[in-house]
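Just so we're on the same page: letters track the sequence lines, and every chain starts at 1.
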Number of protein chains: 2
Amino acid sequence: MRLTDIIAEYILQMLELADDGEAELRRNELAEELGCVPSQINYVITSRFTPEQGYIVESKRGGGGYIRIRRVKLERGVSPLMHIVNAVGDDISPVTAQAIIENLEAQKLISENAAKVMLSALSDQAYRDIPMEIRDRLRASLLKQMLAALIT
Amino acid sequence: MRLTDIIAEYILQMLELADDGEAELRRNELAEELGCVPSQINYVITSRFTPEQGYIVESKRGGGGYIRIRRVKLERGVSPLMHIVNAVGDDISPVTAQAIIENLEAQKLISENAAKVMLSALSDQAYRDIPMEIRDRLRASLLKQMLAALIT
DNA sequence: CATTCAAAAGTCAGGAATGGTCAAGGTCAA
DNA sequence: TTGACCTTGACCATTCCTGACTTTTGAATG
């Protein structure tokens, strides 16, 4: 198992155990405990605990420093899907698109089946005949179109 | 025996041995073991493990990368969705695609939400940047990919 | 106070370990 | 002979991991 997975799993565990949905850690300490260099913690956080995946991260340097990771709930009141549609630009990478869909599913804003369908439509697997240069544009277009279709 | 056959056979074997219908492999490793260049693995996968043939494929690059092949077609008794996947050719018009989805929904083979999502993904509305000449190919590819994702 | 120091966390570039794409050429059966 | 299928290799893209260097912060010191 990769270091990255171990670290991510550890943080997820912390989030689950915390009653306030907040995990606070000390970077050097955690790196020591998990046997990696400190900057690897940053790598994991920036690659797996992104806003698209539903997390926000705060930190402080210096004495008494920390890294705090919070799972954020999408606002259910004002059509969170619309919010995403508006936030997505003209391009989107496969990884980012996937993160958005998985987050929506985790928050139960879309069904498992809808997630499956969308994931398959956003994967490069379906774009064999499409030139590389326009795949990310197509993906963004499809994502927005599909999400819009789900807004009542 | 052709290399392609050897590779395909090997993967099929892996799928049979797997209890979850899923085979995960490392491209370079397999290429080494079977004595071919790595890209030949891609050729085999794109030519023989397609949605039409009842497979869906995911992969990840980079450290700890993999190729995962999942069999969605049931051994005996083909899923009704699989019939459609096989019946659709390399091209499909917007009207025909729409009719297929509406029919599946009417027969309660897919949910209303899944139908909505698929309809939006199959409409030309989402293909603004795609040259006219390849839209129907893209549509067919997406249709098959999405339907396959819904099986099992 | 202002300065200095130590203890955090952040950034970045590079290397290694993967898989992906494409175009050119080879093989073979019809 | 020709067209479909196969094979190869050069080049590209992504993900992970590390370490050197930078920045920020609070506390000790003068």
Side-chain angles (χ1 to χ4, degrees), chain A residues 1-11 23-50 52-53 56-69 91-99 122-136 138-139, chain B residues 1-11 23-50 52-53 56-70 90 134 141:
Chain A
M1 200 183 203
R2 296 188 302 286
L3 263 177
T4 293
D5 292 324
I6 294 171
I7 298 165
E9 211 166 83
Y10 187 99
I11 293 174
E24 186 172 311
L25 56 92
R26 291 167 170 282
R27 192 183 73 151
N28 289 347
E29 203 174 85
L30 181 57
E32 169 93 19
E33 182 171 339
L34 298 182
C36 65
V37 296
S39 59
Q40 177 103 26
I41 309 286
N42 296 84
Y43 172 69
V44 172
I45 286 172
T46 56
S47 62
R48 311 240 180 134
F49 294 88
T50 64
E52 283 87 4
Q53 284 154 328
I56 67 175
V57 177
E58 309 160 277
S59 66
K60 205 174 81 172
R61 309 187 187 189
Y66 59 82
I67 299 177
R68 193 150 49 209
I69 301 170
D91 305 300
I92 195 169
S93 72
V95 174
T96 305
Q98 185 180 340
L122 296 170
S123 148
D124 258 13
Q125 291 293 326
Y127 304 165
R128 303 224 89 251
D129 302 322
I130 307 299
M132 301 279 302
E133 312 85 66
I134 58 178
R135 287 186 183 184
D136 285 353
L138 169 62
R139 192 180 345 267
Chain B
M1 199 182 203
R2 291 189 305 268
L3 263 178
T4 293
D5 292 323
I6 295 172
I7 298 165
E9 210 165 85
Y10 188 99
I11 293 174
E24 187 172 310
L25 54 93
R26 290 164 177 281
R27 191 182 74 151
N28 290 348
E29 203 175 85
L30 181 57
E32 168 95 18
E33 183 170 338
L34 299 182
C36 65
V37 295
S39 58
Q40 177 105 26
I41 310 285
N42 295 84
Y43 173 70
V44 173
I45 286 172
T46 55
S47 62
R48 306 212 182 165
F49 293 87
T50 63
E52 288 92 331
Q53 281 144 354
I56 70 177
V57 177
E58 310 160 272
S59 66
K60 204 178 98 177
R61 306 188 189 187
Y66 58 81
I67 300 178
R68 193 148 50 209
I69 301 170
R70 191 156 58 89
D90 290 341
I134 59 177
S141 174

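Taking atom OH of Y66(A) as the reference point, atom P of dT24(D) lies 15 Å away to the nearest angstrom. Rounded to whole angstrom, the span from the CZ atom of R27(B) across to the C1' atom of dT8(D) amounts to 12 Å. In this structure, N42(B) places its CG atom 18 Å from P of dC11(D), rounding to the nearest Å. If you take CG of L3(A) and P of dT15(D), they are 17 Å apart, rounded to a whole angstrom. The nearest whole Å value for the distance from the CD1 atom in I45(B) to the P atom in dC6(D) is 14 Å. Look at CG on D90(B): it is 14 Å from C1' on dA4(D), rounded to the nearest Å. The separation between I6(B) atom CD1 and dT7(D) atom C1' is 13 Å, rounded to whole Å.
At the heavy-atom level, G62(A) lies under 4.0 Å from base atoms of the strands shown. At a threshold of 4.0 angstrom between heavy atoms, the contacts of N28(A) are confined to the sugar-phosphate backbone, with no base atom among them. Among the heavy atoms of the strands lying under 4.0 Å from S59(B) are primed sugar atoms or P, OP1, OP2 only; no base atom is included. R48(A) comes within 4.0 angstrom of the backbone, heavy atoms only, and of no base. In this structure, R128(A) reaches the sugar-phosphate backbone alone: every heavy-atom distance under 4.0 Å involves primed, P, OP1 or OP2 atoms, never a base. Within the 4.0 angstrom heavy-atom criterion, no nucleotide atom of any strand lies near I41(A).
Distances shown here put a side-chain N or O of Q40(A) below 4.0 Å from the OP1 or OP2 atom of dT18(D). Between Y43(A) and dC17(D) there is no side-chain polar atom (N or O) within less than 4.0 angstrom of OP1 or OP2.
With contacts defined as side-chain heavy-atom distances shorter than 4.5 Å, the pair R139(A)/P94(A) qualifies. Side-chain contact between D5(A) and V44(A): absent, with no pair of heavy atoms (C-beta onward) separated by less than 4.5 Å. No side-chain heavy atom of D136(A) sits under 4.5 Å from any side-chain heavy atom of I92(A).
Between R2(A) and S39(B), the residue whose closest nucleotide on DNA chain D is further toward the 5' end is S39(B). Mapping G65(B) and T46(B) onto DNA chain C by nearest heavy atom places G65(B) closer to the 5' end of the strand. Between E133(A) and R26(B), the residue anchored nearer the 5' end of DNA chain C, judged by the nucleotide with its closest heavy atom, is R26(B). Map K60(A) and G35(A) each onto its nearest nucleotide of DNA chain D; the residue landing nearer the 5' end is G35(A).
V57(A) approaches F49(A) most closely through the heavy-atom pair CG2-O, 3.9 Å.
Side chain of Q53(A) to main chain of T50(A): a donor-acceptor pair is present (N/O by atom type, distance under 3.5 Å, no hydrogens or angles).
No side-chain donor from either of Y66(A) and E58(A) sits under 3.5 Å from a side-chain acceptor of the other. A donor atom on one side chain and an acceptor atom on the other are found under 3.5 Å apart for Q40(B) and T4(B).
Along DNA chain C, read 5' to 3', the first and last nucleotides having any atom under 4.0 Å from a heavy atom of chain A are dA7(C) to dC22(C).
Side chain R61(A) to base dT25(D): no donor-acceptor pair is found below 3.5 Å.
Salt bridge absent: D91(A) and R135(A) never bring a charged side-chain N and a carboxylate O closer than 4.0 Å.
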